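The structure displayed is predicted, hence computed values, not measured ones. Order of listing sets the numbers, starting from 1, for every ligand and every atom in it.
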Amino acid sequence: MDILENRMNRIAEIHQKINGYWESLSAQGRTDVRIMEICGTHTVAISRSGLRATFPKGLKLISGPGCPVCVTGQSYVDKAIYLARQPDVIIATYGDMVRVPGTTGSLEAVRSEGGKVEVVYSAHQAVDLARRCEDKQVVFLAIGFETTAPATALAIRQADEQKISNFFILSSHKLVIPAMRALLNDKDIRIDGFLCPGHVSVITGWRVYESIVNEFARPCVVAGFDDEQILKGICEILRQLAEQSPAACCVYPAVSETGNQHAQQVIHETFDVIDTYWRGIGIIPASGLGLKERFSRFDADKRFNLPVFEEHDPPGCRCGEVISGKCIPPECPLFGTICTPREPVGPCMVSSEGSCAAYYKYDRH
Ligand code: SF4
């Protein structure tokens, strides 16, 4: 009981501080503030806890490009579907990708037609699958940010050392900082501060956000995922705005200044930084990870003679605008009517970290 009571008291204190900073901002003539939560896990936690309803009117939380499935382009989904239809290929993928609609169906639909699509929980499981199925070509859908890239890199190393010749990756790994920079350079989006992603920052450390602060003078605060952590992060952003002292900092004890340097090294040794496509944003220079030449034999793009697929969103879907903070899910005309978790039109309604799925489940009414 004491633990719960203490927690409630701490949360009440943070709310008081938030209201205090808000009053200070209002006195300076600032009546609306837009904070972007980059991470999909934050988006879901914010919706689930009902935090938005507790904030001063004018304080807006907007979703960012931090759901790995949502930012992955349609052409990538179409490539995966094409590969899944090849008779000797097994697609190994994280579960959220299975139901993402492509131009000609989804991996789930291909599986029901007899295509081989296996859900795995790690890149290593995909390597194991390749070892067990020697007569098949196993293609792992390598998506995600700095968080999942080290595991993909280690899986490549493992396959290399064990001379596994039927394991490949279709890489769509992405880096968060270039996306933040691209959004801040977009004149159609206003972002006053960032609630930075906890998981990514465990790898990168929180000081990487100093480059954003130095260039754009926006608060960048790393927070964890429970409501107290999220409130602390938002409170710190408001403090910095009220005191006009933007900084990079961290309220999440799991994140250090410089992050996991071993994981950073593994990424650096396995991948080159490349330009890559983000749904809703377009091609962002130096924002993706492609395999280094010495590991290129694991690159599914090179191993299979893949046709060129165009980038386009499903008709009427506003996922691209949702994940770049230009609109919120209920502003999409398909939200909750034509597009639902049961029959999703875009990836933001499919992914467990998708903003549309979170709004549908917790904020619909
Ligand atoms: Fe796309 Fe559906 Fe979200 Fe609209 S509600 S943006 S169609 S996922």
Handout entry: Where at least one partner belongs to residues 90-119, residue pairs that pass ring-ring contact (aromatic ring centres under 6.0 Å, His included), sequence neighbours excluded
Key = Y94-F140
Practice task
Please name the pair of heavy atoms, one in C235 and one in I14, separated by the smallest distance, quoted to 0.1 Å.
Solution key: CB-CG2, 3.8 Å
Problem - Residues that Q264 engages under side chain to side chain donor-acceptor pair (under 3.5 Å), provided they are two or more places apart - result: none
Exercise for the section: Give a yes or no on whether the backbone of R342 and the side-chain of R99 come within a donor-acceptor separation of less than 3.5 Å. Expected result: yes
Handout entry: atom 2 (Fe) of ligand 1 neighbourhood, protein N/O/S only, threshold under 2.8 Å
Key =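 Protein N, O or S atoms closer than 2.8 Å to atom 2 (Fe) of ligand 1: C339 SG.
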Exercise for the section: Take the angle between the ring planes of F335 and Y360 and call it parallel below 30°, perpendicular above 60°, tilted in between. Expected result: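 Taking Y360 first and then F335, their aromatic rings stand perpendicular (interplane angle over 60°).
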Fill in the blank from the handout: Contacts of E353 meeting salt bridge (charged side-chain N to carboxylate O under 4.0 Å, His left out) (sequence neighbours excluded), chain-then-number -> none
